[in-house]
Peer 1: 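What follows is a structure written as structure tokens; I'll ask about it next.
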Amino acid sequence: MYRPADILEVTRPVVPLVDLQPDMGDIRAEVLAGLAGRPRSLPSKLFYDESGSRLFERITAQPEYYQTRTEIGLLQRHATEIARRLGPGADLIEYGSGSSVKTRLLLEALEVRRYIPIDISRWSLVSAARRLMVEFPELVVAPVVADYTQPVALPAELEGANRIGFFPGGTIGNFVPEEAEQFLSRFATTLGRGGRLLIGVDLKKEPNRLHAAYNDAQGVTAAFNRNILHRMNRELEADFDVSRWDHYAFYNPLLGRIEMHLLAAGRQVVHVAGRRFVFDLGEGIHTENSYKYTPEGFAALARRGGMAVETVWVDDERLFSVQLLRVAS
């Protein structure tokens with residue numbers, strides 16, 4: 001049961017944080033390589049500083065953004081069955097935990113021994129971990145700040161534990177299929193033989209529905225996209241005039257993905273970490289992908305990543321799925 005907000009603010013427990021945040025020098029090199037490439041690109045991990053994390057939470061509340069409310073509805077509807085299938089006493093490992101809203105639904109349904117959230121956003125991770133430590137005082141919470149797209153060494157005490165992975169939000173769609181396979185393969189290694197992964201997978205649907213979800217009327221997604229330039233100005237000695245960049249998101253039916261770009265609203269010269277870049281009018285920077293799958297297509301991808309689909313839960317409109325995978329023998 002949730003604790004009142006005033007109790008949460010008064011207690012504010014100390015969070016036992018493991019900090020494996022990527023070195024800024026490595027991120028700088030990745031940014032410079034992406035901007036020098038053709039097409040130009042930026043790593044989407046840059047979205048999630050404190051400002052970006054707050055903006056993303058606002059995106060999930062927009063009426064056009066069906067993903068979050070649909071996934072929460074599926075987890076609420078099938079919580080009892082999910083708990084029966086996963087069983088008691090496991091360690092729950094979540095990649096990209098964010099605010100952990102969906103995690104609360106699992107923690108209330110499951111008998112979890114330890115919860116290990118892993119996220120690149122320190123602000124989101126600490127805020128969520130502190131709140132969960134108060135709401136679930138018997139639960140061991142061990143957050144890790146890390147780039148989960150790379151191999152992550154988990155705490156030694158997890159060796160030999162029964163592990164359940166949780167990867168909600170359709171975030172698997174941010175990887176190109178080859179990277180998604182590699183990610184699932186690494187997750188399978190982390191979970192171990194017989195381990196399970198509960199994962200949110202966004203489904204293919206009518207393109208106009210997708211377009212609206214990434215171009216909300218309030219412009220929150222546009223602000224989220226531009227925030228990556230604000231962050232580079234703050235942290236990478238960049239001098240982007242953010243007002244001269246337009247948010248552009250569209251569905252690419254040939255690749256089955258939403259693409260997010262920033263388009264230059266005029267010719268401009270930008271400096272980043274001492275490097276000079278020239279952008280022509282309309283030239284873009286590719287900031288994120290979000291692949292959409294059919295259930296059959298994702299099952300094939302999971303197999304290539306060393307996992308087998310056990311169960312698929314889909315909403316009545318077939319917008320989104322929550323899937324239970326098992327690490328193959």
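Side chains are part of it too, since the values below use all heavy atoms of this structure and drop only hydrogens, waters and symmetry mates. Counting from 1, the numbers follow the sequence of the chain as shown.
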Peer 1: Does some side-chain heavy atom of Pro295 sit less than 4.5 Å from a side-chain heavy atom of Leu203?
Peer 2: yes
Peer 1: Do Phe187 and Leu325 have side chains that get closer than 4.5 Å, going by heavy atoms?
Peer 2: no
Peer 1: Measure the shortest side-chain to side-chain distance between Asn174 and Ser290 over non-hydrogen atoms and say whether it is less than 4.5 angstrom.
Peer 2: yes
Peer 1: Could you verify whether a donor N or O on one side chain and an acceptor N or O on the other, from Lys205 and Tyr66, lie under 3.5 Å apart?
Peer 2: yes
Peer 1: Starting at CD of Glu259, measure out to OH of Tyr251 and round the result to the nearest 0.5 Å.
Peer 2: 11.0 Å
Peer 1: Working to the nearest 0.5 Å, report the span between CZ of Phe279 and CZ of Arg267.
Peer 2: 11.5 Å
Peer 1: Could you check whether Glu108 pairs with Arg104 (Lys NZ or Arg NE/NH1/NH2 to Asp/Glu carboxylate O, under 4.0 Å)?
Peer 2: no
Peer 1: Which distance, rounded to the nearest 0.5 Å, do you find between the CZ of Phe298 and the CD1 of Ile199?
Peer 2: 4.0 Å
Peer 1: Please state whether the rings of Phe240 and Trp245 are parallel, tilted or perpendicular, taking 30° and 60° as the class boundaries.
Peer 2: perpendicular
Peer 1: Is a side-chain donor or acceptor of Glu206 paired with a backbone partner of Asn208 at a separation under 3.5 angstrom?
Peer 2: yes
Peer 1: Is there a continuous path of hydrophobic side-chain contacts, each under 4.5 Å between heavy atoms, that joins Val242 to Phe47?
Peer 2: yes
Peer 1: If only atom types and distance count, is the side chain of Asp216 paired as donor or acceptor with the main-chain N or O of Thr221 below 3.5 Å?
Peer 2: yes
Peer 1: Transitively linked via ILVMFWY side-chain contacts under 4.5 Å: Leu229 with Leu32?
Peer 2: yes
Peer 1: Can you find a heavy atom in the side chain of Trp313 that is under 4.5 Å from one in the side chain of Leu198?
Peer 2: yes
Peer 1: Does Pro63 offer a backbone N or O that forms a donor-acceptor pair with the side chain of Arg69 under 3.5 Å?
Peer 2: yes
Peer 1: Does Glu71 reach the main-chain N or O of Phe320 with its side chain, forming a donor-acceptor pair under 3.5 Å?
Peer 2: no
Peer 1: When you measure from the side chain of Asp49 to the backbone of Gly52, do you find a donor-acceptor pair of N or O atoms at a distance under 3.5 Å?
Peer 2: yes
Peer 1: So does Arg40 have more than 12 non-hydrogen atoms from other groups sitting under 6.0 Å from CZ?
Peer 2: yes
Peer 1: Run the side-chain contact (heavy atoms from CB on, under 4.5 Å) check on Leu106 and Val112 step by step: do they pass?
Peer 2: CA-CA 9 Å; Leu106 283 187; Val112 174; over 6 Å; no
Peer 1: Taking it one step at a time, do Met307 and Gln323 satisfy side-chain contact (heavy atoms from CB on, under 4.5 Å)?
Peer 2: CA-CA 11 Å; Met307 292 192 175; Gln323 306 194 23; over 6 Å; no
Peer 1: So which heavy atom on Arg113 is nearest to which on Gly89, and how close?
Peer 2: CB-O, 4.0 Å
Peer 1: If I take atom CD from residue Glu111 and atom CG from residue Leu92, how far apart are they, to the nearest 0.5 angstrom?
Peer 2: 13.5 Å
Peer 1: Taking all heavy atoms of Lys292 and all of Lys204, pick out the closest pair and write down the distance.
Peer 2: O-CE, 3.3 Å
Peer 1: Is Arg257 reaching over with its side chain to a backbone N or O of Tyr291, donor-acceptor style, under 3.5 angstrom?
Peer 2: no
Peer 1: On a heavy-atom basis, which atom in Val309 and which in Ala302 lie closest, and how many Å separate them?
Peer 2: CG2-CB, 4.4 Å
Peer 1: Taking the side chain from Asp246 and the backbone from Ala265, do they hold a donor-acceptor pair closer than 3.5 Å?
Peer 2: no
Peer 1: When you compare the side chain of His261 with that of Phe250, does any pair of heavy atoms fall below 4.5 Å?
Peer 2: yes
Peer 1: Just wondering, are more than 12 heavy atoms of other shown residues or ligands nearer than 6.0 Å to CZ in Arg234?
Peer 2: yes
Peer 1: Are Leu105 and Leu139 connected in the hydrophobic side-chain network, where two residues link if heavy atoms are under 4.5 Å apart?
Peer 2: yes
Peer 1: Spell out, as yes or no, whether a donor-acceptor pair under 3.5 Å connects the side chain of Ser41 to the backbone of His286.
Peer 2: no
Peer 1: Group every Ile, Leu, Val, Met, Phe, Trp and Tyr by side-chain heavy-atom contacts under 4.5 Å, then state whether Val220 and Tyr248 land in the same group.
Peer 2: no
Peer 1: Give a yes or no on whether a salt bridge exists between Arg163 and Asp91, defined as a side-chain N under 4.0 angstrom from a carboxylate O.
Peer 2: no
Peer 1: Contact between Arg193 and Val327 at the side-chain level, heavy atoms closer than 4.5 Å - yes or no?
Peer 2: no
Peer 1: Identify whether Val312 and Phe167 are in the same connected component of the hydrophobic contact network (ILVMFWY, side-chain heavy atoms under 4.5 Å).
Peer 2: yes
Peer 1: What do the steps show when you test Glu30 against Lys45 for side-chain contact (heavy atoms from CB on, under 4.5 Å), and what is the final call?
Peer 2: CA-CA 11 Å; Glu30 193 173 349; Lys45 70 183 76 173; 3.2 Å; yes
Peer 1: To the nearest 0.5 angstrom, please state how far the CZ atom of Arg28 sits from the CD atom of Glu237.
Peer 2: 5.5 Å
Peer 1: Pair Glu94, Lys102 - check salt bridge (charged side-chain N to carboxylate O under 4.0 Å, His left out), show working.
Peer 2: CA-CA 11 Å; Glu94 181 176 4; Lys102 298 160 195 168; over 6 Å; no
Peer 1: Can any side-chain N or O of Arg196 pair as donor or acceptor with the backbone N or O of Glu310 at less than 3.5 Å?
Peer 2: no
Peer 1: Between Tyr115 and Phe136, does the ring centre distance come in under 6.0 Å?
Peer 2: no
Peer 1: List the atom of Val272, the atom of Ala238, and the distance in Å for their closest heavy-atom pair.
Peer 2: CG2-CB, 3.9 Å
Peer 1: For a quick test of reading the model, state the closest non-hydrogen atom pair linking Leu191 to Gly165 and the distance between them.
Peer 2: CD2-N, 3.5 Å
Peer 1: Using a 4.5 Å cut-off on heavy atoms from C-beta on, say whether the side chain of Tyr95 contacts that of Ile172.
Peer 2: no
Peer 1: I'd like to know if the side chain of Asn252 pairs up with that of Asn289 as donor and acceptor (distance under 3.5 Å, no hydrogens or angles considered).
Peer 2: no
Peer 1: Say whether, by atom type as modelled, one donor and one acceptor occur between the side chain of Asn215 and the main chain of Ala249 under 3.5 angstrom.
Peer 2: yes
Peer 1: Any chance you could measure Phe224, atom CZ, to Phe56, atom CZ, to the nearest 0.5 Å?
Peer 2: 6.5 Å
Peer 1: Would you indicate whether the side-chain heavy atoms of Leu197 and Leu184 approach each other to under 4.5 Å?
Peer 2: yes
Peer 1: Should His230 and Asn227 be marked as a side-chain contact (heavy atoms from CB on, under 4.5 Å) after you check the CA-CA gap, both sets of side-chain angles, and the distance that decides it?
Peer 2: CA-CA 5 Å; His230 285 298; Asn227 182 68; 4.1 Å; yes
